[in-house]
Novice: 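Before anything else, here's the structure in question.
As a basis for the values below, the full set of heavy atoms in this structure was taken, side chains included, without hydrogen atoms, waters or symmetry mates.
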Amino acid sequence: MTMASHDGNLLLPPRPEDMISLDPDFGTRFMLFVDTEEEFDWTAPFSRTGHSVSALGGLARGQAYFAAAGIRPIYVTDYPVLDNDRAAAMMGQWVHDKVADIGAHLHPWVNPPHVEVVSEANSYAGFLPAAVEQAKLEALSQRIADRFGQRPIAYRAGRYGLGPNSARLLEEIGFIVDSSVRSRFDYSAQHGPDFRGLPQHPYWAGPGRTLIELPLSTAFVGLLRSGGERLYRASQAVAPLAGALARGGLLSRVPLTPEGVPSAAAVTAIDALLDEGAPVLNFSFHSPTLEPGHTPYVRDAEDMDGFYRWWDIVLDHLARRGVRPAHLAEFVQSVSQNGRACKAA
């Protein structure tokens, strides 16, 4: 296996030899990434100001719930949260107690250096000039090191905003895992990346092949799901057809998140992904959802109770299917032997 002749562009499909086979002893597992970020008005234009970091009681309750369930979340964390002393102290204790891990989450509009015009297009860090993206990644990584005594090894771009230089920059800065690819989604109409056609399975990325891409998990479900992405794309071109297929239980796209996804649909998606042979089910949500009133997904106490009922149902189903949680170090260790074999070949 050679690692030359590939620029590591995470917007392009990996080569067959880049697909990762996990250690058989790892089995089929699930992981939880929490996009840990400031609260802001999701309907307003992007701004460097006008945000807060106040949902810390909800964050603490969520951590207690997941710790009791044996889950070690990866809190991919952005600059405003890191700048909050109370938030940093709370999460630092979780890291010390080995009940959570910290990664990096880049919202470029609130992350120094502030050199770009704030706009929707510039909200995707990967589409900024490479030098600007690099400077923001370095500032974020150093702030995490200042707060927690170690640089992050896991990354998720805010708004899934990878670009053509992102994998190279992440490798150079020292990241080991990226989880920004949202397979089966296309954000190009919003100035963002197009992830259609990319795998659900982990794979090597970056020109040096030292960066593991762990895509977010999304399933196609319904009687026509064997048609996969090609059929889904075709249906989206005719909006009434797409709606009819979804309502009729024939074909729909279901990401593994409690945000806007009913628990029954998530259970169906889990089974579909297991049928596909996905070795890692990658769940995610945004940290402000852990307290009512900050995101469209949890508006009040009733919604908050529904959030935890969703997890009760999903975790029970995962247990019935024999899918156990994995934390970040376990996942990295499960691919390390495979990585050494690739590099030695």
Side-chain angles (χ1 to χ4, degrees), residues 1 3 10 14-34 63 65-76 94-103 150 152-156 167 170-171 174-181 183 198-206 208-219 255-257 266-267 269-284 311 314-345:
M1 173 180 178
M3 290 180 289
L10 276 167
R15 301 171 302 186
E17 59 265 34
D18 293 326
M19 301 307 296
I20 288 173
S21 296
L22 303 180
D23 187 326
D25 291 339
F26 184 75
T28 301
R29 308 284 283 275
F30 75 92
M31 298 177 68
L32 173 60
F33 284 75
V34 181
Q63 171 58 31
Y65 174 91
F66 292 118
I71 299 168
R72 184 163 153 178
I74 302 103
Y75 292 100
V76 284
W94 298 341
V95 172
H96 178 269
D97 294 342
K98 294 183 170 34
V99 293
D101 293 301
I102 300 296
Q150 57 191 31
I153 65 166
Y155 176 70
R156 172 167 295 150
L170 291 170
E171 276 193 339
F175 285 93
I176 296 174
V177 177
D178 176 69
S179 185
S180 306
V181 168
S183 304
L198 298 185
Q200 291 287 303
H201 294 231
Y203 56 92
W204 292 107
R209 289 308 185 260
T210 60
L211 180 71
I212 303 162
E213 179 56 42
L214 176 62
L216 291 99
S217 296
T218 298
L256 292 190
T257 175
V267 165
I270 288 167
D271 290 340
L273 288 164
L274 294 178
D275 288 346
E276 289 183 37
V280 180
L281 305 183
N282 189 358
F283 290 80
S284 70
W311 280 108
V314 165
L315 294 178
D316 283 349
H317 187 70
L318 289 167
R320 284 195 297 271
R321 294 300 310 267
V323 182
R324 297 180 293 117
H327 60 73
L328 184 60
E330 287 178 317
F331 171 70
V332 171
Q333 186 176 8
S334 77
V335 302
S336 62
Q337 182 63 43
N338 178 268
R340 285 194 293 271
C342 284
K343 293 178 182 180

Novice: Between CG of L216 and CG of L256, what distance do you get to the nearest 0.5 Å?
Specialist: 9.0 Å
Novice: Mark yes or no for whether D18, through its side chain, and R15, through its backbone, hold a donor-acceptor pair below 3.5 Å.
Specialist: yes
Novice: Kindly give the heavy-atom pair with the smallest separation between R156 and S180, and that separation in Å.
Specialist: CA-OG, 3.3 Å
Novice: Does some side-chain heavy atom of P279 sit less than 4.5 Å from a side-chain heavy atom of L22?
Specialist: yes
Novice: Output, in order, the C-alpha distance, side-chain angles, deciding distance and verdict of salt bridge (Lys or Arg N to Asp or Glu O under 4.0 Å) for R72 and E330.
Specialist: CA-CA 11 Å; R72 184 163 153 178; E330 287 178 317; over 6 Å; no
Novice: Step by step, work out the side chain to side chain contact (heavy atoms under 4.5 Å, CB included) result for D271 and H317.
Specialist: CA-CA 9 Å; D271 290 340; H317 187 70; 2.7 Å; yes
Novice: Could you measure the distance from the CD1 atom of I176 to the CG atom of L214? Nearest 0.5 Å is fine.
Specialist: 13.5 Å
Novice: With rounding to the nearest 0.5 Å, note down the distance linking CD1 in I153 to CG in L328.
Specialist: 4.5 Å
Novice: Can you measure from CD (Q333) to CG (D25) and round to the nearest 0.5 angstrom?
Specialist: 10.5 Å
Novice: Would you say the side chain of V95 lies within less than 4.5 Å of the side chain of D97, judging by non-hydrogen atoms?
Specialist: no
Novice: Below 4.5 Å, heavy atoms only, C-beta onward: do F33 and D101 meet side chain to side chain?
Specialist: no
Novice: Taking Q200 for the side chain and T218 for the main chain, is one N or O donor matched with an acceptor at less than 3.5 Å?
Specialist: yes
Novice: I'd like to check L281 versus L274 (side-chain heavy atoms, cut-off strictly below 4.5 Å). Are they in contact?
Specialist: yes
Novice: Check L10 against V181 and note the closest heavy-atom contact, atom names and distance.
Specialist: O-CG2, 4.1 Å
Novice: For residues P215 and P199, report the shortest heavy-atom separation together with the two atoms involved.
Specialist: CG-O, 3.4 Å
Novice: From D23 CG over to F331 CZ, what is the distance, rounded to the nearest 0.5 angstrom?
Specialist: 12.0 Å
Novice: Give a yes or no on whether the backbone of P325 and the side-chain of R29 come within a donor-acceptor separation of less than 3.5 Å.
Specialist: yes
Novice: With side chains defined as the heavy atoms from C-beta onward, is the minimum distance between H201 and M19 less than 4.5 Å?
Specialist: yes
Novice: What do you reckon, are the aromatic ring centroids of F283 and W311 less than 6.0 Å apart?
Specialist: yes
Novice: Evaluate side chain to side chain contact (heavy atoms under 4.5 Å, CB included) for Q63 paired with Y75, printing each intermediate quantity in order.
Specialist: CA-CA 10 Å; Q63 171 58 31; Y75 292 100; 2.6 Å; yes
Novice: What pair of heavy atoms forms the shortest contact from A266 to V314, and how long is it?
Specialist: CB-CG2, 4.0 Å
Novice: Report the residue from V76, L170, V177 that forms a side-chain contact (heavy atoms from CB on, under 4.5 Å) with Y155.
Specialist: L170
Novice: Please report the closest heavy-atom contact between F175 and A154, naming both atoms and the distance.
Specialist: CE2-O, 3.5 Å
Novice: Have a look at S217 and tell me which of I270, T257, N282 forms a side-chain contact (heavy atoms from CB on, under 4.5 Å) with it.
Specialist: N282
Novice: Between P202 and I212, which heavy-atom pair has the shortest distance, and what is it?
Specialist: CB-CG2, 4.4 Å
Novice: Rounded to the nearest 0.5 Å, how far apart are CD of E171 and CG of L211?
Specialist: 5.5 Å
Novice: Would you call V280 and F30 a side-chain contact if the rule is heavy atoms closer than 4.5 Å?
Specialist: no
Novice: Could you tell me if the side chain of P14 sits less than 4.5 Å from the side chain of E213, heavy atoms only?
Specialist: no
